[in-house]
Amino acid sequence: MPVADFAVSDLWWRFSERVRVRLRSRLGELTAAEATLDVLGHVLDEVEHYDPEQQPLMAWRDAVVDRYADDRDRLAADRACSLRHGDSPGFVSNRA
């Protein structure tokens, strides 16, 4: 059955535990709990681009979660760098 034919709830039911486990291993328990619904949005945004000819569904799902975790890590590092340089918390500096 093509992924597009799954209802959102069915897709999440099939994915949720593996996504939570992967998020916990990448982000830690508390951050993963906060990020679960956000990553669901990323999965749903990207599902239309999934191509079963390119990779298995579970590998694709893991790649989406990993990209999400990488983006969160990068954003946190940028914020930490900005704060060390005295920038306001909402501002990301262009400093090297």
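Quantities reported herein were computed from a predicted structural model and do not represent experimental measurements. The first residue in the sequence is number 1, and the count goes up from there.
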Problem - Connected via hydrophobic side-chain network under 4.5 Å: Leu57 and Val19 - result: yes
Problem - Thr36 OG1 to Arg20 CZ distance, which is reported to the nearest 0.5 Å - result: 5.5 Å
Handout entry: Ionic contact status for Asp10 with Arg14, cut-off 4.0 Å
Key = yes
Handout entry: Side-chain ion pair, Asp71 and Arg74, N-O less than 4.0 Å
Key = yes
Exercise for the section: Output all residues satisfying salt bridge (Lys or Arg N to Asp or Glu O under 4.0 Å) with Arg24, sequence neighbours left out; order by chain, then residue number. Expected result: Glu17, Glu29
Problem - Test item: Thr31 and Arg26 side chains (from C-beta on) under 4.5 Å apart, heavy atoms - result: no
Handout entry: Cluster check Trp12, Met58: I/L/V/M/F/W/Y, side chain < 4.5 angstrom
Key = yes
Problem - ILVMFWY network linking Val21 to Val43, side-chain heavy atoms under 4.5 angstrom - result: no
Exercise for the section: Flag yes if Trp13 and Val65 sit in one hydrophobic cluster, no otherwise; membership is Ile, Leu, Val, Met, Phe, Trp, Tyr, and two members link when side-chain heavy atoms are under 4.5 Å apart. Expected result: no
Practice task
Report the distance from atom OG of Ser16 to atom CG of Leu23, rounding to the nearest 0.5 Å.
Solution key: 11.0 Å
Fill in the blank from the handout: Here the gap from Arg18 atom CZ to Asp62 atom CG, rounded to the nearest 0.5 Å, amounts to 4.5 Å
Handout entry: For Asp38, salt bridge (Lys or Arg N to Asp or Glu O under 4.0 Å) partners two or more places apart
Key = none
Problem - Taking every non-hydrogen atom, the tightest pair across Gln55 and Tyr50 - result: O-OH, 3.0 Å
Handout entry: Side chain proximity check, His42 to Arg67, heavy atoms < 4.5 angstrom
Key = no
Problem - Heavy-atom closest contact (Leu27 atom, Ala32 atom, distance) - result: CB-N, 4.3 Å
Practice task
Indicate yes or no: at least one non-hydrogen side-chain atom of Val47 is less than 4.5 angstrom from one of Trp60.
Solution key: yes
Exercise for the section: Can you tell me which residue pairs pass the ring pair (Phe, Tyr, Trp, His ring centres under 6.0 Å) test with a partner in residues 18-40, sequence neighbours excluded? Expected result: none
